[in-house]
Novice: 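I am attaching a structure below and will ask some questions about it afterwards.
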Amino acid sequence: MEEIKKIARELLAENKVQVVLGFEKGTANKVRPAFFTKAEDIDKLIYNEACIHNIALYLKKDTCQHAKGVAITATPNVVRSILQLSAENQITEEKIHIIGITHEGKCAGILDFKAAEEFSKTQPKGLKPEDKALIEKIQAMSLEERFDYWVEAFSPCIKCYACRASCPMCYCGKCNVETNNPQWIPVASHKYGNVEWHMMRAMHLAGRCINCGECNRSCPVDIPLNILSYMLSDFVLDEFDSEAGLNSVFTSALSAYTVVDKENFIK
Amino acid sequence: MARIGVFICHCGENISATVDCPKVSEVAAKFPGVAYSVDYKYMCSDPGQSLVVNAIKEHKLTGIVVSACSPRMHEPTFRRACAEAGLNPYLCEMANIREHCSWVHEKGDRTDQKAIDVVRMMVEKVKRNNALMSIKVPVTKTALVIGGGVAGIQAALDIANAGHKVVMVEREPSIGGHMSQLSETFPTLDCSQCILTPRMVEVAQNPNITLYTYAEVESVEGFVGNFNVKIRKKAKSIDETLCNGCGMCTTKCPQKKIPNEFELGMGNRPAIYVPFPQAVPNVPVIDRLNCTYYKNGKCKICEKFCQPKAIRFDQEDEIIEVAVGAISICTGFDVKKTDFFPEYGYGKHKDIIDGLQFERMASASGPTLGAIRRPSDGAEPKKIVFVACAGSRDPAKGIEYCSKICCMYTAKHAILYKHKVHDGTAYIFYMDIRAAGKNYDEFTRRAIEEDNAQYIRGRVSSIYERDGKLIVIGTDTLMNHETVEIEADMVVLATAGVANQGAEELAQKLHVSYDQHRFFSEAHPKLKPVETNTAGIYLAGACQSPKDIPESVAAASGVAGKISCLFSSSELTREPLIAFVDRIAAPDYSSCTGCFLCQPVCPYNAIEKEDIKDRAGNLIKSLAYINPGLCQGCGTCVAICKSKSIDIDGYTNQQMYSEVDALLNS
Amino acid sequence: MSNPHHTEDNSLAGKVQKHTGVKVSRCYQCGKCSAGCPVSSDMDFPPSLLIRKLQTGFPKHEEEVLRSKSIWFCLTCEMCIARCPMEVDIPPMIDYLRGESMRLNKANPAAKNIIRFHKAFLNSIQKTGRLYEMGLIVDYKSRSLNMVQDVVLAPSMFAKGKLKILPELIKDRKNIKQIFQKTLKNKHK
Amino acid sequence: MKLGFYPGCSLEGASREYNESVQAVAEKLGIELVSIPDWNCCGATAAHNLDKELSLSLPARNLALAEEAGLTELVVPCAACYSRFTVTQHELLHDNAMHKKVNEIIGKEYKGTLRILNVIQFIEEYIIDKLEDNMKFEINKKVACYYGCLLVRPNKILNFDRTEDPQTMDVVMKKLGADSIDWAFKTECCGAGFSVSFTEAVGRLSGKIIEDASHRGAEALVVACPMCHSNLDMRRPAMDKYNGKKIDTPVIYITQAIGLALGIDRKKLGLNRHFVPVKLDNFKPYVKKEVVVENTQIMEEI
Amino acid sequence: MSEFQPKIVAFVCNWCTYAGADLTGTSRIKYSPNVRIVRFPCTGRIDYMLLTKAFASGADGIIVSGCHPNDCHYTSGNFYARRRWIVFKKLCDFMGIDTRRIVFSWVSAAEGSKWADIVNTTNEEIIKLGPYDSYHKLSTQDILE
């Protein structure tokens, strides 16, 4: 912990970065993401098991965008998000100073992108067992049951878009759901609108999602959204040997092809 | 408010016999936004077109739907009519109720309903069409000719003589192609090299032609009028500007026993060599795989004897970039070797040769100086068997098509044989004699009547060697299908003509299509025989399908004509149906997020990066930008874009969405 | 796939195609099969000519095919199909034609011996489950009334231990009988 | 090592020397061949000529019995039986209706799980590697390998070696130290199907084969088919009549050749049963080639 | 009409399948009139959102068709499309959307009879499956429900 603080303090003091992105103590024994702009504030910087949020999201916020250098306390999920954002030309290496934190909570020092790639590959990942079980349960259902399951699962959705707001990959300035000419996705949160919205989001994240599970955590009505994109990531890995969050230069399964892609379903 | 005109064509009875046109017109008149609806017997006829023009003017139409045949048929016609009436031609859509409706369905309510639906769909689409201006692009008046065989030579000379620049690329050290290997040519029996060599020299001397031999096309980018081509000029290990072609190096080279490619392995050459005496340019190359110096680091005898000091052992491949406006593919063909016939010994018998080897043997400049000799022992064959269709018309083991040239060259071989071996007999096993062409049939009759060629109608089942003879077992189907056994001294297989090596890769570099046999595909089998599907890229000669010399030359002149037309003006007009990235007001400038996931999917590298900067020059945002000159309008980027920042004219999101919406909510 | 515009083909060629999938129209009469066929010189019509006769579909030609020696002389050595450029599978076609020829009582007299031999062979198997060579030769010779032929061979074969006097019997002969009943007998009633 | 075995009628009768040599070689090399219990005749050309369903049912019964006996690989030395078996397996696995029908006819369940090996495949997979350690002699003779029809055709179904100028037997013979010649009649039909019923044709077809082999200096013909063997061996008078001369080149089974190289007693290999006497002798003692040590090391590293 | 006549939408590329369907017409090969063709420049342009849109608007079946691999007029649009379909189909399957109702095919400009076959077999298949009520109901239900 002290090591993280030391690095952060030095970076600010030497003006290598203007912002350090991390966590501070929140109310009611909770933690919250925070921007630190002064070296003396770093005392407030914390990291513990409660700091699970994917703060890579904030790299696209104005405070970070306008800074010349940004440091970020980065758990494996955050590192993967950073790499994917870089692969999609959203951030550049010169600006980002990654203070790596392993899945065991240990400081891994400052990681350049190359080191981050290595870090990302070696850190464990994967879904919680209950999520895996749910995927298997759904796959075992009949077609009708699956359909009903999802219509039902989506029905409490109030289209608050917390899933979108919490997702580092949902950085579009103008989301598809706000495109109204034509109105691709119905605005209202009725069953149909909900299905279409979540389906579109899953397709947009296919091959890009790093499976941090933030969407699920942020959902006020507990829709198991993350398993949609997890299932697709898994599929994309199997099918095209492509995985998001491992590479800082261009990768996207859907912007690529091989001549031998499977074709057994095409007449 | 849209004012759409709907024009229902009867197409004589082609449509009206199945579809109730007046009813469709009546229903269409009630569609929202339709200001005028009419049906007429022949909409594409002069009066029909006048009807359209007048209706546009009279009813102040803002868009029209012509419900008739396929847009692939008459879209240009009705776009012109719009333009004539003062309406932007891109405010016209066609509803296909002939090919997709009246011709494929039975008369009835469901067919009428389909016609109505299709019209409604297009009405909804055309309401959202944008007025577009066609795109003008400049034309670079230089042509690239790939391949220096007879087709390439002809195309290059014709284009150059029309006053345009030509860049010719040839893979081998000399131009000339297969024709330079031939002995005499049918049906006149004039010497191949005698008629070709002057033209080869002409290519070398024409000031409009730049010749790169021992070179290959590395990559091609761009589009019609504006191609950027990278050419890899392989290292010849010779300074071409200094070499005077004295040939001393080739005579002194200690490596003498390298199988000569030009002689198809029937002769040898040194490691530094000119492929054949009449080569253009007359500059040798060093075959680095076989050269003693490159193998062992010692020798350099050629360098010692080279008076002008032209040998360059350290020469490297050179990449040359040229800008051209049009490309002619003239890469020719290849012949199948004799080794793929199991029943003819898998190529293990030396005295079974292919047609091209016979050409070299019969050529006065060939390995036997024109004498017909058995490769195994050098004896003169007294009985020779020619097997036509060896691999052609053979779906089981060879290729299914007819190689076209074999009937004629086999007749020629029989004649040449008889001219050289007076007491010999030539047998020809054949299935059909395909001799359609000027003086062609007469030529085969000459082989039979004057030169005593024994034509036997049947295929050869097997050939085996016994006591130095080749036992050929075939049938005579004109003689009760009896078995015929000939003890021959030599067998010539008229092996199939196939696509050239590397044709596939070249096609992929050029983005042109090829058929299942790897021959390049023409844009239309009848009406666009020398064009490819890619504008500005043309085909001539046997790279398209097996062709004889006159056909190859005719096609090459055709290409030259096409390219000269293209070069006749300094700019050309293109359809404006291309993709674009949206632009909105600051501070966003565009809904594009600059993720550039669209960039790799563009087959034309048309998606570029555009930096939006403030006045101080600071970068605000990087956006995708689609180069209108490069975009060909496939729209793959549109579907890949998550934020729907890219759209494509002619098939915009709004248009397609409305079409689907309209079609089904009937 | 069959062309919906065509009505059912009742010619012999049509039947061949229906029962064996062999399309005689694919043959372009190159004669390679006849050239390679080891017994074409024994045939009245070499294989390619046989196909030609099927191609014309004239009753006269079809009759010639069914009564031909050719279909019985085929050794099923498969050389024809191994070399046919158009992959016209002649052996199954000939199998079918033999069946038709027998069914219609048109088998060529010259084929008598061959058919007899086959029948004697099957007879042997039907009774014992295996081939009983001694029995076969006796049976065949009595059927063909050609007692002299091969009489020379039998004693020396016997001497070399190649002929057994008693047949070998398999246990489940009922099963074999059943198989014959469900196939051959069923059809030739 | 246990392998399924189908001898077939010929190997129990007129071609018992083939069986004897297969068994002798297998025994010598420690391979156990288990016969299909209560096997029946495959139906051969006769069934095939007269009735399609019969021609599939007879082999299918054997295959089903082999499966019942728990066998997974079946060695079928007789090329004719091998051909019938392979064709049956192919047809039934590609034609569901026929498969059902045949199962019904034979009253057994044939699944199609067996792997059928002809004698050459058997040699390639189970014998060739053991030769080096067990060979006593080199067959230092000029031989012509004769494949006939049934081993190589129809190639699409059998998918074994190339149809014209096959090589597998030649490879085995070369391994035995023989000079296997290149000749013209490797896959021509010998006419065995007419051995009894149309002997004149046999004289011509087999006559050409034996003549070409002897003309090219072959001291023996090597075969892997009992039909070809009995035909080429027993019908010599008809061939000599056709050729107008007496040719006494013997015909041996490939397993007999292997047996000779392994030093097995000639009688045990059934060589005494041939009509044309097999005079081949004076074989060169086999000396195992020293393996270069460096190579072994490299091999081990790999 | 007593018998169920499905609504089928076909999303096709301009260069191969649209031209192929033209050839079906020129060859006068008959097929079911239940299909409505929407023309795109290339299969690469076909947005998966249009597929769900089509179902929502009442389609019972969808055909998506373009050039065979390596035949794309734009060289590679169909390859990207194919990959997108692979993923989209997986998602649909997982979400219980009936992918038996989405038929993907390659129909070249020369395959007029194949086009008729594709339409007819799809039509028969969809008749067997019946109307796509579960999705239609979803899209037409009362917003306030």
Side-chain angles (χ1 to χ4, degrees), chain A residues 59-60 62 65-68 84-92 94-95 164 167-186 196-197 199-209 229 236 240 242 244 247-259, chain B residues 124-125 127-128 130 504-505 508 581-603 607-612 614 618-624 636-647 651-662 665:
Chain A
L59 289 171
K60 289 284 287 174
D62 279 356
Q65 289 285 301
H66 294 148
K68 281 217 158 56
Q84 188 61 25
L85 284 170
S86 157
E88 296 180 14
N89 296 294
Q90 300 304 306
I91 53 176
T92 53
E94 307 84 69
K95 187 168 160 175
R164 185 181 75 186
C167 176
M169 290 307 136
C170 269
Y171 52 73
C172 287
K174 188 181 179 190
C175 174
N176 227 206
V177 78
E178 280 139 16
T179 311
N180 54 8
N181 204 357
Q183 184 72 50
W184 290 102
I185 307 286
E196 291 257 299
W197 154 245
M199 197 171 179
M200 178 211 78
R201 206 170 157 272
M203 271 308 279
H204 280 184
L205 284 167
R208 301 172 57 239
C209 172
S229 37
V236 163
F240 311 126
S242 163
N247 225 318
S248 62
V249 289
F250 167 76
T251 57
S252 169
L254 287 176
S255 293
Y257 72 89
T258 61
V259 180
Chain B
E124 288 306 315
K125 183 180 185 193
K127 281 185 196 169
R128 289 157 181 89
N130 297 322
E504 217 167 331
E505 296 94 284
Q508 283 157 3
V581 180
D582 69 16
R583 284 291 179 269
I584 53 179
D588 290 330
Y589 301 97
S590 166
S591 64
C592 171
T593 59
C595 71
F596 291 102
L597 295 184
C598 53
Q599 213 169 23
V601 308
C602 178
I607 302 181
E608 296 163 4
K609 195 167 169 182
E610 185 183 13
D611 290 336
I612 308 278
D614 64 14
N618 299 318
L619 179 68
I620 299 175
K621 201 174 175 185
S622 290
L623 304 175
T636 305
C637 54
V638 180
I640 218 94
C641 180
K642 291 186 294 293
S643 53
K644 300 248 179 280
S645 307
I646 313 182
D647 215 338
Y651 301 93
T652 61
N653 283 323
Q654 275 199 53
Q655 286 173 308
M656 302 324 287
Y657 186 92
S658 313
E659 242 182 284
V660 175
D661 205 36
N665 289 336

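Note on naming: letters A, B, ... go to the chains in the order of the sequence lines (proteins, then strands), and numbering restarts at 1 for each one. Just the heavy atoms: all of them, side chains too, but no hydrogens, waters or symmetry mates, feed the values below.
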Novice: Can you tell me how far apart CD (A:Glu178) and OG (B:Ser643) are? Round to the nearest 0.5 Å.
Specialist: 11.5 Å
Novice: Taking every heavy-atom pair that is under 4.5 Å apart, which of B:Cys592, B:Ser591, B:Gly594 has the most such pairs with chain A?
Specialist: B:Gly594
Novice: Heavy atoms only, distances under 4.5 angstrom: which of A:Gln65, A:Met203, A:Arg208 has the most pairs with chain B? Name it, please.
Specialist: A:Arg208
Novice: Given side chains that start at C-beta, do those of B:Lys642 and A:Met169 come closer than 4.5 Å, heavy atoms only?
Specialist: no
Novice: In the structure I gave you, are the side-chain heavy atoms of A:Lys174 and B:Asp588 within less than 4.5 Å of one another anywhere?
Specialist: no
Novice: Could you give the distance from NE2 (A:His204) to CG (B:Leu597), rounded to the nearest 0.5 Å?
Specialist: 11.0 Å
Novice: Using modelled atom types and a 3.5 Å cut-off, is there a donor and acceptor pairing between side-chain atoms of A:Glu88 and backbone atoms of B:Thr593?
Specialist: no
Novice: Answer yes or no: is there a donor N or O on one side and an acceptor on the other, between the side chain of A:Ser255 and the main chain of B:Pro600, under 3.5 Å?
Specialist: no
Novice: In terms of heavy-atom proximity below 4.5 Å to chain A, should B:Ile640 be classed as side chain, backbone, both, or neither?
Specialist: side chain
Novice: Among A:Tyr171, A:Trp184, A:Tyr257, which residue forms the greatest number of heavy-atom pairs with chain B at distances under 4.5 Å?
Specialist: A:Trp184
Novice: Below 4.5 Å from any heavy atom of chain B, which atoms of A:Cys172 appear? Answer side chain, backbone, both or neither.
Specialist: both
Novice: Does NZ in A:Lys95 sit with more than 12 non-hydrogen atoms of other residues, nucleotides or ligands closer than 6.0 Å?
Specialist: yes
Novice: Taking all atoms of both residues into account, what is the closest heavy-atom pair of A:Gln183 and B:Tyr657, and its distance?
Specialist: O-OH, 3.0 Å
Novice: Look up atom OG in B:Ser645 and atom CG in A:Asn176, then write down how far apart they are to the nearest 0.5 Å.
Specialist: 9.0 Å
